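Beneath this line is the structure, given in structure tokens, with notes to follow.
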Amino acid sequence: MIRKHVSLWVWWIPIVWAISVPWVGFSPRPQWSRVHMVPFADPADRPRDIVANVALFVPFGYSYARRGPFWKAILIAAVVSVTAESTQLFSTDRFPSATDVTAGVIGAALGAIGARVVANRQS
């Protein structure tokens with residue numbers, strides 16, 4: 001049977017990657033010195049950027065958790081976020097950050113929780 005409906009999360013993954021790819025300032029060598037490995041410890045972390053990253057991942061968590069297990073939504077969000085951040089290793093303008101990965105996982109978790117709350121209220 002061919003599915004007529006494709007879940008939001010299927011389209012969400014390439015959108016996140018497209019947003020994260022460094023379209024300018026490309027470097028052929030990874031910029032390891034620009035990586036921020038400790039979440040929420042970088043003085044350059046701005047609250048609005050953190051909120052934006054959380055908000056970006058909420059729809060994924062919600063959409064995926066409606067049909068799949070909660071833990072898998074979190075795992076996929078982490079993988080997507082890490083791969084998106086890793087593209088920024090080749091940028092002279094972007095900073096790969098554990099804060100962004102953590103915010104993405106938090107956003108996916110919030111979305112997945114929201115999906116469970118909605119499902120519980122409907123049943």
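Both backbone and side-chain heavy atoms feed into the values below; hydrogens, waters and symmetry mates do not. Predicted model only: the values in this text are computed from it and were never measured. Residue numbers run from 1 in the order of the sequence given.
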Quiz prompt | Approximate separation, where rounding is to 0.5 Å, of F26 CZ and R94 CZ | solution = 13.5 Å

Practice problem: Could you tell me the separation between the OG atom of S91 and the CZ atom of R34, rounded to the nearest 0.5 Å? | Solution: 6.0 Å

Quiz item: Is the backbone N or O of A98 less than 3.5 Å from a side-chain atom of T102, with the two atoms forming a donor-acceptor pair by type?
Solution: yes

Quiz item: Are I113 and V105 grouped together when hydrophobic residues (ILVMFWY) are joined by side-chain heavy atoms under 4.5 angstrom apart?
Solution: yes

Quiz prompt | Under 3.5 Å donor-acceptor, W12 side chain and L56 backbone | solution = yes

Exercise. Could you pull out the closest heavy-atom pair between A108 and A77, with the gap in Å?
Key: CB-CB, 3.4 Å

Considering only distance and modelled atom types, tabulate donor-acceptor pairs under 3.5 Å from the side chains of residues 35-47, sequence neighbours left out.
{"unit_1": "H36", "atom_1": "ND1", "unit_2": "D42", "atom_2": "OD2", "d": "3.3"}
{"unit_1": "H36", "atom_1": "NE2", "unit_2": "D42", "atom_2": "OD2", "d": "3.2"}
{"unit_1": "D42", "atom_1": "OD1", "unit_2": "A44", "atom_2": "N", "d": "3.2"}
{"unit_1": "D45", "atom_1": "OD2", "unit_2": "T99", "atom_2": "OG1", "d": "2.7"}
{"unit_1": "R46", "atom_1": "NE", "unit_2": "D49", "atom_2": "OD2", "d": "3.2"}
{"unit_1": "R46", "atom_1": "NH2", "unit_2": "D49", "atom_2": "OD2", "d": "3.2"}

Quiz prompt | Same apolar cluster (I L V M F W Y, side chains within < 4.5 Å links), I19/V80 | solution = yes

Practice problem: Give the minimum heavy-atom separation between Q31 and S27, together with the two atoms involved. | Solution: NE2-OG, 2.9 Å

Quiz prompt | Reported CZ-to-CD1 distance for the pair F60 and I74, which is rounded to 0.5 angstrom | solution = 8.0 Å

Exercise. Evaluate the side chain to side chain contact (heavy atoms under 4.5 Å, CB included) criterion for residues F95 and D100: first the C-alpha distance (whole Å), next the side-chain angles of each, then the deciding distance (0.1 Å), finally the verdict.
Key: CA-CA 10 Å; F95 292 89; D100 293 347; over 6 Å; no

Quiz item: Which pair of non-hydrogen atoms, one from R116 and one from G68, has the smallest distance, and what is that distance?
Solution: NH2-O, 3.0 Å

Quiz item: Among pairs that include at least one residue of residues 76-87, which meet side-chain hydrogen bond (donor to acceptor under 3.5 Å, both in side chains), considering only residues two or more places apart or in two chains?
Solution: W17-T83

Practice problem: Could you check Y62 against V118 for side chain to side chain contact (heavy atoms under 4.5 Å, CB included), going step by step and ending with a plain yes or no? | Solution: CA-CA 10 Å; Y62 183 86; V118 169; 3.8 Å; yes

Exercise. Verify the cluster assignment for Y64 and I15: are they in a single hydrophobic cluster under the rule of side-chain heavy atoms below 4.5 Å apart?
Key: yes

Exercise. Would you kindly confirm whether V117 and F70 end up in one hydrophobic cluster when ILVMFWY residues are joined by side chain heavy atoms under 4.5 Å apart?
Key: yes

Quiz item: Side chains of F57 and I106: does their closest heavy-atom pair fall under 4.5 Å?
Solution: no

